[in-house]
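Okay, structure first, notes after.
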Amino acid sequence: MPRATKPPPAPVHPTDDIAANLAAVRKVIADAAQAADRDPRAVKLVAVSKVQPMEKLRAALAAGQRVFGENRVQEAKSKFPDLRRDYPDIELHLIGPLQTNKVKDAVALFDVIQTVDRPKLAQALAAECRKQNRWPKFYVEVNTGEEPQKAGIAPSEVGAFLAACKADYGLQVAGLMCIPPAEEEPSMHFALLADLAKRHFVPGLSMGMSSDFDVAVRLGATMVRVGTGIFGERAVRDPSADEG
Ligand SMILES: *Cc1c(COP(=O)(O)O)cnc(C)c1O
């Protein structure tokens, strides 16, 4: 049986002050980048605002944050058109699973879609981009833990999937993303994702969340997705509103 290891301490402890939380997260990113001899400007902070109330998003915007991540198309659609009227330079990322029947809305709304996880979706996205003549950036989600219940391309199939995206669908892939198994030490998953990206010449690496984004930056993340570390704990979501 694998030995249970104690999780490392969280890199940040959010307060009620969103601007201060953002500054603390940025400082951890800068320190981790410096420790790894990397340029901190090469790491993009995606503020994960799912379920969070509008006043917290507005506080983050007032503090200069412009890059946000949402995991549901419907929720993002209800929040961001208003915010974009006031802040036209918002960059919005989809970080949750995408159903093919929501591809039209997703292409219209998001600047980056991080969860391309199956051929049928890649094909539908490419077709919709052509139709709208709008091309968000695409990341392929990799199931680094090979968890049966989790979305993502198996590590051994990443090469073939990237080739199909390019040759069969005409979809350019800007990066890879992963969500490591919750109970495992994340560093081996980050290292695996970094290795896959390098091997397949994919520049972007979206990895690291509130509990481990410092580790991810040391292992090469170009993008970290931080929610509770900036906004505090999320309210419990109404499961009947689930869209999968
Ligand atoms: C919710 C979520 C995050 C942010 O998680 P925190 O632990 O709150 O930082 C990051 N990535 C994905 C894919 C998520 O769904």
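Heavy-atom basis, side chains included; hydrogens, waters and symmetry copies ignored. Atoms within each ligand, like the ligands themselves, are counted from 1 in listed order.
Contact atoms of ligand 1 toward R225: 4 (C), 9 (O), 10 (C), 11 (N), 12 (C), 13 (C) (distance under 4.0 Å to a heavy atom of the residue). Near V226, with a cut-off below 4.0 Å to any heavy atom, the atoms of ligand 1 are 9 (O). Shown in contact with T228 at under 4.0 Å from a heavy atom are these atoms of ligand 1, numbered in order with element: 6 (P), 7 (O), 8 (O), 9 (O). Listed by atom number, the atoms of ligand 1 under 4.0 Å from G227 heavy atoms are 4 (C), 6 (P), 8 (O), 9 (O).
Summary of contacts: the protein heavy atom closest to atom 12 (C) of ligand 1 is I95 CD1, 3.5 Å. Looking only at heavy atoms of the protein, atom 10 (C) of ligand 1 is closest to M209 SD, 3.2 Å. Protein heavy atom nearest atom 2 (C) of ligand 1, with residue, atom name and distance: K50 NZ, 2.6 Å.
Contacts between R234 and ligand 1 below 4.0 angstrom, taking non-hydrogen atoms only, involve the side chain exclusively.
Side chain to side chain, H189 and E184 meet the donor-acceptor criterion of an N or O pair below 3.5 Å. T115 and E141 share no donor-acceptor pair across their side chains, judged by distance under 3.5 Å alone. A side-chain N or O of R26 and one of Q65 form a donor-acceptor pair less than 3.5 Å apart. For the 3.5 Å distance criterion, the side chains of Q74 and K77 fail to qualify, holding no donor opposite an acceptor.
Annotation: S210 places an N or O atom under 3.5 Å from an N or O atom of ligand 1; distance criterion only.
A single hydrophobic cluster is seen to contain both I29 and L205, as judged by linkage of ILVMFWY side chains at heavy-atom distances under 4.5 Å, directly or through other members.
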Checking salt bridge (charged side-chain N to carboxylate O under 4.0 Å, His left out) for the pair D212/R225: CA distance, chi angles, key distance, verdict?
-> CA-CA 10 Å; D212 54 24; R225 311 178 307 264; over 6 Å; no

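The closest donor-acceptor contact from the side chain of D117 to the backbone of A151 lies at 3.5 Å or more, if one exists at all.
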